[in-house]
Amino acid sequence: MKQDIKDLISAALTALVSRGQLDAPELPEPMLERTRDTAHGDFATNVAMVLAKLTRAKPRDLAQRLVEALPSSSLVTRVEIAGPGFINFFLADDAYRAEIPRILAAGHEFGRSRIGAGQRVQVEFVSANPTGPLHVGHGRGAAYGAVVADLLAAVGFNVHREYYVNDAGRQMDILCTSVWLRYLELCGEDLRFPSNGYRGDYVWDIAATLHREHGDAYRHPTEEVFAGVPEDAASADERDEEGNPLPDAPGGDKETHIDGLIAAAKHLLGDNRYRYVFELGLNTILDDIRDDLSGFGVEYQEWYSERSLTESGAVNKAIERLRAGGHLYELNGALWFRSTAFGDEKDRVVVRDNGQTTYFASDIAYHMDKLERGFDRVIDIWGADHHGYIPRVKAALQALGDDADRLDVLLVQFAILYRDGVKVPMSTRAGEFVTLRELRHEVGNDAARFFYVMRRCEQHLDFDLDLAKSESSDNPVYYVQYAHARVCSVLRQAAEKGMAVDPSPGVTNLERLVEDHEQALLRSLTRYPEVVETAALKAEPHQLTQYLRELANDFHTYYNAHQFLVEDAVLRDARIKLILAARQALRNGLGLLGVSAPENM
RNA sequence: GCCCUCGUAGCUCAGUUGGAUAGAGCGAUCGCCUCCUAAGCGGUAGGUCACAGGUUCAAUUCCUGUCGAGGGCACCA
């Protein structure tokens with residue numbers, strides 16, 4: 001519908017040029033907007049004002065010429081020039097009504113398009129370290145990423161969803177060691193658990209599996225394990241009055257302590273047994289993450305292993321390419337990447353003085369690989385705490401001669417839970433966090449998905465648990481779902497009353513839809529494809545949630561003002577066609593959000 | 001100290017990629033079921049778009065500065 005009007009404007013512009021009435025170097029893409037106020041018609045364009053600037057003509061004169069050159073169309077009843085030079089289009093009621101059969105015929109395809117033209121887009125999201133279950137912060141990234149991916153797919157992009165598995169590095173060693181220490185406790189060893197270890201219950205569970213399957217085979221005496229290990233800092237169990245962890249104790253250091261324990265674990269267990277515990281921890285947690293995301297309706301095409309980058313030589317290849325380009329130098333025994341040459345604030349280490357490559361080195365290789373896989377566009381969705389990381393990744397891509405503009409990093413702010421108006425505290429290391437699974441069980445998938453994407457991603461999200469659970473109009477999820485269920489209910493009522501409902505898209509008698517509420521609902525309905533398009537291109541799912549509330553509101557208002565199941569069969573049929581179209585838009589929109597559209601509530 | 005994001009109604013937030021008289025929801029308040037689910041609908045009140053400059057036909061939107069909030073500044077991942 002919008003495109004039809006755009007075409008009219010383009011036609012008028014080319015007509016003016018060919019008649020010599022317009023002297024512009026190049027024609028702008030006509031900017032057409034929905035009007036805020038129906039007094040200004042249905043659509044408005046500002047081309048006359050934009051062109052006036054380029055051609056030094058008076059905007060209203062130009063607008064006048066443009067209006068005269070517009071081809072006639074049955075869609076438009078009236079065109080007027082307003083304000084400084086807006087051209088307002090008033091659409092025929094029939095133009096709106098004609099959308100009903102189109103919507104019904106399109107069915108679940110309504111709102112989908114091909115503007116992405118099959119371009120390949122990779123969306124990488126969540127990618128949480130497999131050191132513990134997903135918590136509610138990851139949940140927001142999961143919901144946001146999944147909806148952005150689905151939106152892009154809906155408008156014709158070829159989308160590849162990926163999870164980057166950080167299955168290497170020190171954090172995983174800490175997890176492995178934490179599991180082993182818990183296992184030793186299960187064997188009957190008495191030890192002081194490191195303050196920097198992972199303390200969650202899931203660590204006990206993995207340790208219990210190890211103990212159940214292998215008995216004491218991995219056991220070593222506590223004295224042997226802790227021999228020569230530097231002092232720990234204060235325990236994480238010890239808190240000050242405000243509940244914050246105490247600072248490092250004098251003479252103790254939690255980092256050197258845990259590193260000492262990791263070394264002890266590797267030494268005492270030997271390669272094979274250490275590897276076994278490591279894999280047990282990794283796989284148990286990864287399975288849990290997969291299961292959780294799958295239960296949340298989030299599926300991936302690929303789980304990409306960080307370790308595979310090292311093993312395949314990709315990391316070394318990336319470093320060699322940087323070296324060949326003259327972007328590396330040695331300092332204090334480490335190998336540095338001169339990222340400042342590409343706008344980063346300081347240079348970064350890629351190989352440590354102990355010979356190990358850094359996480360950053362893996363990430364360079366990973367992003368190089370992403371671009372080499374031929375994606376037209378790569379989208380990374382990160383937690384906002386990683387924002388400082390963007391310049392160095394882009395710097396690396398530039399240094400490698402890749403097009404850094406193909407990479408977009410979208411940052412998602414944290415979600416803060418509120419229960420009874422009080423903030424729910426969270427700390428990963430201390431094992432005090434609400435998991436995504438707990439949240440899903442508490443409020444349900446539908447409310448979780450909807451609430452997570454309700455706000456712009458760079459906005460902090462206050463997640464009100466009580467509101468998400470409330471079954472009332474205060475709760476936006478129920479409000480939208482209820483509109484859908486109400487349409488279904490009307491149809492059930494019709495059946496009970498023996499009123500036949502014509503299931504075909506049918507085009508008859510729509511002219512009977514003359515009420516203001518019907519026009520308002522129709523106007524909203526025709527906006528749906530435009531909303532999906534901008535929500536997808538701008539990666540802003542909240543536009544869709546916002547829209548669905550408005551659409552639901554238009555429906556509820558109509559429902560209250562008019563009876564659908566009237567005696568007049570012709571009018572009844574027209575009204576049912578309209579609310580069926582509304583149901584289709586509600587269902588499709590909820591579907592894109594990963595929220596169910598219930599038949600009754 | 002430097003960097004990023006944010007600052008819009010009492011609260012939580014939109015604002016269609018610079019447009020016309022800045023909008024929802026909640027809360028407050030006044031109404032609406034003999035009627036397809038009241039899990040709903042309507043009315044009223046509520047604003048110096050943090051502040052000061054700048055860019056232009058036009059700024060809540062873009063730029064600069066100030067103030068305030070949150071986050072980030074590792075040879076961790």
Side-chain angles (χ1 to χ4, degrees), chain A residues 31 33-37 39-40 44 46 49-50 52-53 58-59 82-86 88 129 131 166 168-174 255 306 331-336 345-346 348-354 356-360 362-363 383-391 411 413-414 416 418 454-462 464 467 470-476 478-479 481-483 485-494 496-497 499 527 530-531 533-535 537-538 540 542-543 545-547 549-550 552-553 555-566 575 579 600-601:
Chain A
M31 265 274 294
E33 293 181 311
R34 293 269 176 179
T35 55
R36 285 200 178 126
D37 187 341
H40 298 132
N46 63 352
M49 289 181 283
V50 175
K53 187 168 187 175
K58 289 183 181 169
F86 290 106
N88 295 336
N129 286 350
T131 52
N166 299 131
R170 184 164 172 265
Q171 295 304 322
M172 288 307 298
D173 285 322
I174 294 177
E255 303 295 347
E306 177 190 354
L331 181 70
N332 301 332
L335 194 59
W336 295 70
E345 57 190 18
K346 65 176 290 235
R348 310 291 171 176
V349 172
V350 287
V351 182
R352 275 178 267 170
D353 56 6
N354 63 9
Q356 286 190 325
T357 55
T358 59
Y359 174 81
F360 178 47
S362 297
D363 235 8
D385 53 335
H386 285 71
H387 78 81
Y389 209 76
I390 301 172
L411 298 176
Q413 289 284 350
F414 296 118
I416 302 158
Y418 285 85
M454 208 163 51
R455 303 288 176 230
R456 273 211 332 272
C457 66
E458 61 266 39
Q459 188 80 245
H460 295 255
L461 176 70
D462 290 337
D464 185 334
L467 179 62
S470 82
E471 300 191 349
S472 76
S473 57
D474 307 358
N475 186 341
Y478 280 86
Y479 185 77
Q481 288 181 319
Y482 182 41
R486 260 188 161 171
V487 178
C488 297
S489 173
V490 170
L491 295 178
R492 283 192 298 269
Q493 286 290 324
E496 278 178 29
K497 291 180 180 175
M499 296 169 165
R527 270 176 56 211
E530 297 160 30
V531 171
E533 184 179 322
T534 53
L537 296 181
K538 294 173 74 177
E540 294 185 350
H542 75 276
Q543 298 220 9
T545 61
Q546 199 82 12
Y547 166 81
R549 283 167 73 167
E550 288 165 21
N553 180 52
F555 171 77
H556 287 308
T557 305
Y558 179 37
Y559 180 95
N560 271 270
H562 298 284
Q563 191 81 11
F564 307 143
L565 301 178
V566 290
R575 287 185 170 170
I579 63 170
N600 54 60
M601 294 170 71

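Quick note on labels: first sequence line is chain A, next is B, and so on, each numbered from 1.
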If only atom types and distance count, is the side chain of A/Asn475 paired as donor or acceptor with the main-chain N or O of A/Leu467 below 3.5 Å?
yes
Pairs: protein N or O with nucleotides 8-10 of chain B N or O, under 3.5 Å:
none

Ignoring backbone atoms, test whether A/Arg549 places a side-chain nitrogen or oxygen under 4.0 Å from the OP1 or OP2 oxygen of B/A14.
no
Can you name the residues that form a side chain to side chain contact (heavy atoms under 4.5 Å, CB included) with A/Cys457, not counting sequence neighbours?
A/Tyr144, A/Val412
Mind checking what makes side-chain hydrogen bond (donor to acceptor under 3.5 Å, both in side chains) contact with A/Arg352, not counting sequence neighbours?
none
Can you list the residues that meet the side-chain hydrogen bond (donor to acceptor under 3.5 Å, both in side chains) rule with A/Glu540, with sequence neighbours excluded?
A/Gln543
Show me the protein contacts with nucleotides 19-23 of chain B, counting only N or O atoms at under 3.5 Å.
unit_1 : atom_1 : unit_2  : atom_2 : d
B/G19  : N7     : A/Asn46 : ND2    : 3.1
B/A20  : OP2    : A/Arg36 : NH1    : 2.5
B/A20  : N6     : A/Asn88 : OD1    : 2.7
B/A20  : N1     : A/Asn88 : OD1    : 3.3
B/A20  : N1     : A/Asn88 : ND2    : 3.1

So does A/Arg575 get a side-chain nitrogen or oxygen closer than 4.0 Å to the phosphate oxygens (OP1/OP2) of B/C36?
no
Given B/C26, is OP1 or OP2 found less than 4.0 Å from the side-chain N or O atoms of A/Tyr479?
no
Could you tell me which residues satisfy ring pair (Phe, Tyr, Trp, His ring centres under 6.0 Å) with A/Tyr558, sequence neighbours excluded, listed by chain and number?
A/His562, A/Phe564
At under 4.0 Å, does any side-chain N or O of A/Arg170 touch on OP1 or OP2 of B/C75?
no
So does A/Arg352 get a side-chain nitrogen or oxygen closer than 4.0 Å to the phosphate oxygens (OP1/OP2) of B/A74?
no
Could you pull out all residues at least two apart from A/Arg456 that satisfy side-chain hydrogen bond (donor to acceptor under 3.5 Å, both in side chains)?
A/Glu458
I'd like to know if the side chain of A/Asn553 and the backbone of A/Arg549 have a donor-acceptor N/O pair within less than 3.5 Å.
no
Under the rule of Watson-Crick or G-U wobble with both distances under 3.5 Å, where | means paired to another strand and [ ] a crossing pair, RNA chain B maps to (((((((..((((.....[...)))).(((((.......))))).....(((((..]....))))))))))))....
Would the distance check show the side chain of A/Thr358 and the main-chain N or O of A/Val349 forming a donor-acceptor pair, the cut-off being under 3.5 Å?
yes
The side-chain hydrogen bond (donor to acceptor under 3.5 Å, both in side chains) partners of A/Glu550 (sequence neighbours excluded) come to A/Arg527
Taking only N and O in the side chain of A/Thr358, is any of them less than 4.0 Å away from OP1 or OP2 of B/A74?
no
Using a cutoff of under 3.5 Å, can you pull out all pairs of nitrogen or oxygen atoms linking the protein to nucleotides 67-72 of chain B, with atom names and distances?
unit_1 : atom_1 : unit_2   : atom_2 : d
B/G71  : N2     : A/His387 : NE2    : 2.5

List for me each residue that meets ring pair (Phe, Tyr, Trp, His ring centres under 6.0 Å) alongside A/His387, sequence neighbours excluded, and say none if there are none.
none
With A/Glu530, which residues qualify under salt bridge (Lys or Arg N to Asp or Glu O under 4.0 Å), at least two apart?
A/Arg34
